[in-house]
**Q** 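The following block contains the structure, expressed as structure tokens.
For the numbers below, each heavy atom of this structure counts, side chains included, while hydrogens, waters and symmetry mates do not. Quick note: residue numbers are just sequence positions, from 1.
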Amino acid sequence: MRRGFKSWCESTSGEYRAALGIANHDALDTSALAAHLDVLVWAPEDIPDLSASSLHQLTVLDGDSWSAVTLSFNETNLIIVNSAHAPVRKRSSLAHELAHLILRHKPGRVDISPAGHLLLSSYDKEQEEEADWLAGTLLVPRKGLVRAYRESQDVVALAEHFEVSKDLLRWRLRMTGVAVQASRARRRR
């Protein structure tokens, strides 16, 4: 990642949280962030004229093969989030797609194959890594994690507090160094 990017993400997370009136140590309402960014958020069930068989394909047969997709048309951004997923995964998927928009990554392109199938282009690896990092920072900012970790080192409780998965919470603990720093501070006492 480019120099200063991680610090920029922490600062940007704080700015969006301030604009939404959400403290760094509170769970982020991703729907409120989407509304603040003027982004529409749909589930597959909200897609007009989507056939029952297509809905079944998207949410049951292929429910594990996709999380969310961002589409742009007429200067409107739309994120479709897989309704078959657990709430924490839907929040994470939405945060990831919002991160792409905040970072001004070009949203995926939709093409129709000769057989009539939707084909979506994807972001490159660097853009995906940037969106992952910003999404994690939006959901669990370092400052908020430091404060919450002082109160409880229980990963399950912290994940529930931030309304994220245990895996995402553990990743943020590792990437921010919060757990290591807290351990060193305890040993110095």
**Q** Do the side chains of Leu145 and Leu169 get nearer than 4.5 Å, heavy atoms only?
**A** yes
**Q** Which heavy-atom pair separates Ala27 from Ile22 by the least distance, and what is that distance?
**A** O-CG2, 3.6 Å
**Q** Taking salt bridge (Lys or Arg N to Asp or Glu O under 4.0 Å) as the cut-off, I'd like each qualifying pair that reaches into residues 3-15, sequence neighbours left out, listed once.
**A** Glu10-Arg172
**Q** Which residues pass the side-chain hydrogen bond (donor to acceptor under 3.5 Å, both in side chains) test with Ser7, not counting sequence neighbours?
**A** none
**Q** Minimum heavy-atom separation for Ala131 and Ala99, please, with both atom names.
**A** O-CB, 3.5 Å
**Q** Side-chain polar contacts of residues 160-167 - donor-acceptor pairs under 3.5 angstrom, sequence neighbours left out - could you list them?
**A**
{"unit_1": "His161", "atom_1": "NE2", "unit_2": "His25", "atom_2": "O", "d": "2.4"}
{"unit_1": "Ser165", "atom_1": "OG", "unit_2": "Leu168", "atom_2": "N", "d": "3.0"}

**Q** Is it possible for you to say whether Val178 and Val140 belong to one hydrophobic cluster, with membership spreading through side-chain heavy-atom contacts below 4.5 Å?
**A** yes
**Q** Which residues satisfy the side-chain contact (heavy atoms from CB on, under 4.5 Å) test with Arg2, sequence neighbours excluded?
**A** Phe5, Leu103, Glu130
**Q** Not counting sequence neighbours, list each pair that qualifies as a salt bridge (Lys or Arg N to Asp or Glu O under 4.0 Å) and has a residue in residues 136-153.
**A** Arg147-Glu151
**Q** If hydrophobic clusters are built from ILVMFWY residues whose side chains come within less than 4.5 Å, do Tyr16 and Ile79 share one?
**A** yes
**Q** Could you tell me which residues satisfy side-chain hydrogen bond (donor to acceptor under 3.5 Å, both in side chains) with Ser67, sequence neighbours excluded, listed by chain and number?
**A** Arg89
**Q** Are Ile102 and Leu138 close enough that some pair of their side-chain heavy atoms sits under 4.5 Å apart?
**A** yes
**Q** Roughly how far, to the nearest 0.5 Å, is the CG atom of Leu101 from the CG atom of Asn77?
**A** 4.5 Å
**Q** Keeping Thr30 on the side-chain end and Ala95 on the backbone end, is there a donor-acceptor pair under 3.5 Å?
**A** no
**Q** Could you work out, with side-chain hydrogen bond (donor to acceptor under 3.5 Å, both in side chains) as the rule, every residue matching Asn82, not counting sequence neighbours?
**A** His85
**Q** Enumerate, atom names and distances included, each donor-acceptor pair closer than 3.5 Å involving a side-chain atom of residues 49-61, sequence neighbours excluded.
**A**
{"unit_1": "Ser51", "atom_1": "OG", "unit_2": "Ser53", "atom_2": "OG", "d": "3.2"}
{"unit_1": "Ser51", "atom_1": "OG", "unit_2": "Ser54", "atom_2": "N", "d": "3.0"}
{"unit_1": "Ser51", "atom_1": "OG", "unit_2": "Ser54", "atom_2": "OG", "d": "2.9"}
{"unit_1": "Gln57", "atom_1": "NE2", "unit_2": "Asp62", "atom_2": "OD2", "d": "2.7"}
{"unit_1": "Thr59", "atom_1": "OG1", "unit_2": "Leu55", "atom_2": "O", "d": "2.7"}

**Q** Per the ring pair (Phe, Tyr, Trp, His ring centres under 6.0 Å) rule, what does the pair list look like for residues 124-145, sequence neighbours excluded?
**A** Trp133-Trp171
**Q** Using the test side-chain hydrogen bond (donor to acceptor under 3.5 Å, both in side chains), find all partners of Asp132 that sit at least two apart in sequence or belong to another chain.
**A** His96
**Q** Grab the two heavy atoms, one from Glu97 and one from Val69, that are nearest each other, plus how far apart they are.
**A** OE1-C, 3.9 Å
**Q** Check whether any side-chain heavy atom of Leu28 lies under 4.5 Å from a side-chain heavy atom of Leu20, and answer yes or no.
**A** yes
**Q** Sequence neighbours left out, cut at 3.5 Å: what donor-acceptor pairs do the side chains of residues 34-48 make with other protein atoms?
**A**
{"unit_1": "Glu45", "atom_1": "OE1", "unit_2": "Ser83", "atom_2": "OG", "d": "2.9"}
{"unit_1": "Glu45", "atom_1": "OE2", "unit_2": "Ser83", "atom_2": "OG", "d": "2.8"}
{"unit_1": "Asp46", "atom_1": "OD2", "unit_2": "Ala43", "atom_2": "N", "d": "2.8"}

